Asks: 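Right, I'll just put the structure down here and ask away after.
Because the structure is predicted, anything quoted here is derived from the model rather than measured. Basis for what follows: all heavy atoms, side chains included, without hydrogens, waters or symmetry-related copies.
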Amino acid sequence: QVQLVESGGGLVQAGGSLRLSCAASGRTFSSYAMGWFRQAPGKEREFVAAVSRTGGYTYYADSVKGRFTISRDNAKNTVYLQMNSLKPEDTAVYYCAADTSYYTGSYYSEADYDYWGQGTQVTVSS
């Protein structure tokens with residue numbers, strides 16, 4: 001079992017920054033890949049970013065590439081999402097997720113992730 005708790009969401013003006021954190025517990029953190037997804041009102045949940053077990057590989061949705069940075073600190077059992085140059089269209093509930101499978105999945109598909117946090121709201125005002 002893995003428990004994930006997100007924090008760091010809030011209200012920010014367009015052009016501003018936020019850093020989301022996701023604290024994990026329950027299994028060896030460095031043994032699984034991590035991802036961030038988001039869901040805006042009336043829309044399906046979508047991939048935002050992912051990081052490999054060691055942090056050596058990162059993956060991003062085109063919509064956030066160059067603005068968001070995913071990272072992880074395996075000593076602190078935490079994954080981060082640094083969000084810069086925020087836009088109103090970034091407004092959503094952001095979820096972190098863990099892929100604990102022996103062979104990591106595609107990183108991009110939510111079906112590959114088996115544990116999810118409760119989500120944290122990010123609102124970007126124009």
Side-chain angles (χ1 to χ4, degrees):
Q1 285 280 51
V2 173
Q3 293 78 42
L4 303 173
V5 179
E6 302 99 334
S7 61
L11 173 64
V12 64
Q13 288 189 333
S17 298
L18 281 175
R19 188 175 83 154
L20 304 183
S21 300
C22 173
S25 61
R27 285 180 59 174
T28 304
F29 184 64
S30 59
S31 69
Y32 47 89
M34 294 293 298
W36 285 96
F37 290 76
R38 67 186 181 186
Q39 186 168 23
K43 295 187 176 181
E44 293 190 351
R45 190 156 55 185
E46 64 176 3
F47 170 78
V48 176
V51 62
S52 62
R53 297 170 185 176
T54 63
Y57 296 93
T58 56
Y59 308 85
Y60 296 95
D62 288 343
S63 60
V64 306
K65 205 170 291 184
R67 300 188 298 122
F68 291 11
T69 302
I70 189 171
S71 61
R72 66 189 297 162
D73 185 337
N74 286 348
K76 295 183 178 180
N77 294 351
T78 302
V79 63
Y80 304 98
L81 186 68
Q82 178 67 45
M83 306 185 294
N84 298 330
S85 302
L86 283 161
K87 305 175 181 180
E89 50 263 44
D90 295 318
T91 295
V93 177
Y94 283 71
Y95 299 89
C96 69
D99 176 354
T100 65
S101 57
Y102 186 81
Y103 294 104
T104 302
S106 73
Y107 290 103
Y108 297 94
S109 172
E110 63 176 283
D112 290 324
Y113 294 84
D114 45 355
Y115 293 97
W116 294 81
Q118 83 288 350
T120 185
Q121 177 71 46
V122 171
T123 303
V124 184
S125 64
S126 57

Asks: Tell me if a side-chain donor or acceptor on T120 pairs with a main-chain N or O of G9 at a distance below 3.5 Å.
Replies: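 Yes.
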Asks: Roughly how far apart are M34 CE and L81 CG, rounded to 0.5 Å?
Replies: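 It is 11.0 Å, given to the nearest 0.5 Å.
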Asks: Hey, is the main chain of Y107 close enough, under 3.5 Å, to the side chain of Y113 for a donor-acceptor pair?
Replies: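 Between the backbone of Y107 and the side chain of Y113 there is a qualifying donor-acceptor contact (under 3.5 Å).
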Asks: Would the distance check show the side chain of Y60 and the main-chain N or O of I70 forming a donor-acceptor pair, the cut-off being under 3.5 Å?
Replies: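 Confirmed, Y60 side chain pairs with I70 backbone.
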Asks: Testing the basics here: between D114 and S101, what is the closest heavy-atom pair and its distance to 0.1 Å?
Replies: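 Closest approach of D114 to S101, heavy atoms only: OD2-N, 4.5 Å.
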Asks: In Å and rounded to the nearest 0.5 Å, what is the OG to CD distance from S126 to Q13?
Replies: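 Between S126 OG and Q13 CD, I get 9.5 Å after rounding to 0.5 Å.
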Asks: From W36 CH2 over to M83 CE, what is the distance, rounded to the nearest 0.5 angstrom?
Replies: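 Here the rounded value is 8.0 Å.
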Asks: Measure across S30 and N74 and return the closest heavy-atom pair with its distance rounded to 0.1 Å.
Replies: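 Closest heavy-atom pair between S30 and N74: CB-ND2, 3.4 Å.
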Asks: Taking the side chain as C-beta and beyond, is there a heavy-atom pair between L18 and L86 under 4.5 Å?
Replies: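 They are in side-chain contact.
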Asks: State, to 0.1 Å, how close D90 and S85 come at their nearest heavy-atom pair, and which atoms those are.
Replies: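 Heavy atoms of D90 and S85 come nearest at OD2-O, 4.4 Å.
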Asks: Checking N84 side chain against S17 main chain: does a donor-acceptor pair fall under 3.5 Å?
Replies: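 No: the side chain of N84 does not pair with the backbone of S17.
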Asks: For a side-chain contact (heavy atoms from CB on, under 4.5 Å) check, start with the C-alpha distance between E46 and E110, then their side-chain angles and the critical distance, and finish with the verdict.
Replies: CA-CA 8 Å; E46 64 176 3; E110 63 176 283; over 6 Å; no
Asks: Following the transitive rule for hydrophobic clusters with a side-chain heavy-atom cut-off under 4.5 Å over Ile, Leu, Val, Met, Phe, Trp and Tyr, establish whether Y94 and Y115 coincide in one cluster.
Replies: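 Linked within one cluster.
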Asks: Using the rule that Ile, Leu, Val, Met, Phe, Trp and Tyr join whenever any side-chain heavy atoms are under 4.5 Å apart, tell me whether V93 and V124 fall into a single cluster.
Replies: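 No; V124 is not reachable from V93 via cluster members.
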Asks: Go through the steps to decide whether V122 and L20 satisfy the test side-chain contact (heavy atoms from CB on, under 4.5 Å), and finish with yes or no.
Replies: CA-CA 9 Å; V122 171; L20 304 183; 4.0 Å; yes
Asks: Within this structure, what is the CZ-CD distance for the pair R38 and E89, rounded to the nearest 0.5 Å?
Replies: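 If I round to the nearest 0.5 Å, the distance is 8.0 Å.
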Asks: Salt bridge check: are D62 and K65 linked by an N-O gap of less than 4.0 Å?
Replies: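 Between K65 and D62 there is a salt bridge, with a charged N closer than 4.0 Å to a carboxylate O.
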Asks: For the residue pair F29 and Y32, does the interplanar ring angle fall in the parallel (under 30°), tilted (30 to 60°) or perpendicular (over 60°) class?
Replies: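 Correct class here is perpendicular.
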Asks: Just checking, any donor-acceptor pair under 3.5 angstrom between side chains of S25 and Q3?
Replies: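 Their side chains do contain a donor-acceptor pair, which is all the 3.5 Å distance test asks for.
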Asks: With a 3.5 Å distance limit and no angle check, can you tell me whether T78 reaches the backbone of K76 through a side-chain donor-acceptor pair?
Replies: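 Yes, the answer is positive, given that a donor and an acceptor are paired below the 3.5 Å cut-off.
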Asks: So, R53 side chain and A33 main chain: donor-acceptor pair closer than 3.5 Å or not?
Replies: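 No: the side chain of R53 does not pair with the backbone of A33.
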Asks: Between the side chain of S52 and the main-chain N/O of Y57, is any donor-acceptor distance below 3.5 Å?
Replies: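 Confirmed, S52 side chain pairs with Y57 backbone.
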Asks: Cation over ring, R72 on Y80, under 6.0 Å and within 45°?
Replies: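 Pair R72/Y80 does not count as cation-pi.
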Asks: Given 3.5 Å as the limit, does a donor-acceptor pair link the side chain of E6 with the main chain of G119, or not?
Replies: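 Answer holds: yes.
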Asks: Do any N or O atoms from the side chain of T28 and from the backbone of S31 form a donor-acceptor pair under 3.5 angstrom?
Replies: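 Checking the backbone N and O of S31 against the side chain of T28, no donor-acceptor pair under 3.5 Å is found.
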Asks: Mind listing the closest non-hydrogen atom pair of R27 and V2 along with its distance?
Replies: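 That would be CD-CG2, 3.8 Å.
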Asks: Are W116 and V48 linked, directly or through other ILVMFWY residues, by side chains that come within less than 4.5 angstrom of each other?
Replies: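 Looking at the clustering, V48 is in a separate group from W116.
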Asks: Would F37 and F47 count as a close aromatic pair, with their ring centres under 6.0 Å?
Replies: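 For F37 and F47, the ring centres are under 6.0 Å apart.
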Asks: Between atom CD of Q39 and atom OH of Y95, what is the distance when rounded to the nearest 0.5 Å?
Replies: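 The distance works out to 5.5 Å.
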